[in-house]
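See structure below.
No hydrogens, no waters, no symmetry mates; every other heavy atom, side chains included, goes into these values. None of these values were measured; they are calculated from a predicted model.
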Amino acid sequence: MDINTFKPRILGILRQSDLDKISIKSVREQLQNESNVSLSEYKKELKSLIEECYESVLQEQQPAATEEEEEEESSDDEPLVVAKKTKLALPATPKKKKTTTATAKKKTSAATKKEKAPKRQRKPQDPAQKEKNNFTRTWILSPELAEVTGEPALSRPGVVKHLWIYIKANNLQDPDKKTHIFLDEKLQKIFKGETYISGFTMNKFIGAHLVGPAVPDDDNSNSNNNNNNNAQQIQQAA
């Protein structure tokens, strides 16, 4: 069976899900529910494919956010104030009292509804649960990646976020194609000597720089030793 045939469906599942909460297991179970063939013998291959798709979806969201920020910045330069002043300078058209009263009632009603509607607050995820999910758990970073991000340990989303902060701060985005990046010397150490890449492909290089979990699994019999080793690795990376 060609596992790559599941890629479009995996991307679809991830795009419709909360990336902070979804897990490899839940994606695999959903694929199994939709398939007539047992996928139990393809766990390892599916895990790699799901991780690849997850990082792609994560990367899709980052350039989109960048473009929105640029649109907001560019809109500040437009002569909106002039337009407003012109509008205010026009002679006011007298309105009927009935219309004014009806409008006031509608505004009052709308304001009351807004006050009554409770805001949905996002429930904070249990930190211990986060460390059981490969997508959200904290990883010890290689010295090269730690140098760029400024952090000794981060989650995968955290790594992507810090990489884009570094890229923007150093003006490494291609001005003609915002999804592409020029790599300086520090980034070339992470991306195997590449000098120009697409932001959508840079995720496949990140995994090699995640040294190991910063918080070991509970069922690890050598958890105490691992804790000490991980602490030493974090200090070295820092």
Side-chain angles (χ1 to χ4, degrees), residues 4 7 10-11 14-15 17-20 22-24 27 44-45 47-74 130-131 133-216 229-238:
N4 287 316
K7 187 171 184 177
I10 294 172
L11 289 170
L14 293 173
R15 285 168 181 151
S17 304
D18 185 341
L19 296 183
D20 288 336
I22 196 166
S23 65
I24 293 173
V27 176
K44 187 178 290 186
E45 292 86 347
K47 178 184 177 183
S48 298
L49 182 59
I50 292 170
E51 287 180 346
E52 178 186 334
C53 291
Y54 173 85
E55 291 172 352
S56 296
V57 172
L58 197 65
Q59 193 60 45
E60 285 175 8
Q61 297 176 357
Q62 186 65 37
T66 302
E67 289 174 7
E68 287 175 5
E69 290 172 4
E70 288 173 355
E71 287 177 3
E72 289 175 2
E73 289 174 3
S74 62
K130 276 188 174 184
E131 296 303 331
N133 186 335
N134 279 343
F135 291 149
T136 56
R137 78 185 310 172
T138 308
W139 298 89
I140 299 169
L141 309 185
S142 69
E144 295 82 6
L145 188 54
E147 183 183 4
V148 171
T149 62
E151 299 290 342
L154 286 169
S155 64
R156 283 177 180 266
V159 170
V160 174
K161 180 180 178 180
H162 279 71
L163 282 174
W164 276 102
I165 290 173
Y166 178 87
I167 290 165
K168 291 176 186 176
N170 291 276
N171 297 317
L172 297 175
Q173 279 181 287
D174 186 339
D176 299 322
K177 203 170 186 181
K178 294 292 186 181
T179 56
H180 283 64
I181 307 154
F182 296 104
L183 305 182
D184 60 11
E185 290 184 8
K186 289 183 179 180
L187 290 178
Q188 286 176 30
K189 293 177 184 178
I190 299 170
F191 299 110
K192 297 183 178 180
E194 297 286 343
T195 57
Y196 181 75
I197 63 169
S198 165
F200 296 110
T201 61
M202 76 177 189
N203 292 286
K204 67 181 180 180
F205 298 96
I206 293 175
H209 291 272
L210 304 180
V211 179
V215 179
N229 291 337
N230 290 341
Q232 290 174 2
Q233 289 176 337
I234 290 176
Q235 289 175 357
Q236 290 172 1

Would you compute the distance between atom CG of Leu172 and atom CD1 of Ile167 and round it to the nearest 0.5 angstrom? 6.5 Å
Is there a side chain to side chain contact (heavy atoms under 4.5 Å, CB included) between Leu141 and Val148? Walk through the geometry before answering. CA-CA 10 Å; Leu141 309 185; Val148 171; over 6 Å; no
CD on Glu194 to CD on Gln188, rounded to 0.5 Å: 9.0 Å
Partners of Glu131 by side chain to side chain donor-acceptor pair (under 3.5 Å), sequence neighbours excluded? Thr138
I need the Lys186 NZ to Thr149 OG1 distance, nearest 0.5 Å. 10.5 Å
Please name the pair of heavy atoms, one in Ala153 and one in Ala214, separated by the smallest distance, quoted to 0.1 Å. CB-CB, 4.4 Å
Using the side-chain contact (heavy atoms from CB on, under 4.5 Å) definition, which of the options His162, Lys189, His209 pairs with Leu145? His209
Rounded distance [0.5 Å steps], CD in Gln173 versus CD1 in Ile181: 7.0 Å
Run the numbers on Phe191 and Glu144 for side chain to side chain contact (heavy atoms under 4.5 Å, CB included), then give the verdict. CA-CA 10 Å; Phe191 299 110; Glu144 295 82 6; over 6 Å; no
Rounded to the nearest 0.5 Å, what's the gap from CD1 on Ile206 to CD1 on Ile190? Could you check? 8.5 Å
Quick one, Val215 and Arg137 - any side-chain contact, counting heavy atoms below 4.5 Å? no
Mind telling me whether Phe182 and Tyr196 have parallel, tilted or perpendicular rings, with 30° and 60° as the class edges? tilted
What I'd like to find out is whether the side chain of Lys204 reaches to under 4.5 Å of the side chain of Glu52, using heavy atoms alone. no
If you compare all heavy atoms of Pro157 against all heavy atoms of Tyr54, which two are closest, and at what distance to 0.1 Å? CG-OH, 3.3 Å
Please assess Leu187 against Asn170 for the test side chain to side chain contact (heavy atoms under 4.5 Å, CB included), listing each intermediate value before the final yes or no. CA-CA 11 Å; Leu187 290 178; Asn170 291 276; over 6 Å; no
What's the separation between atom SG in Cys53 and atom CD1 in Ile24, rounded to the nearest 0.5 Å? 11.0 Å
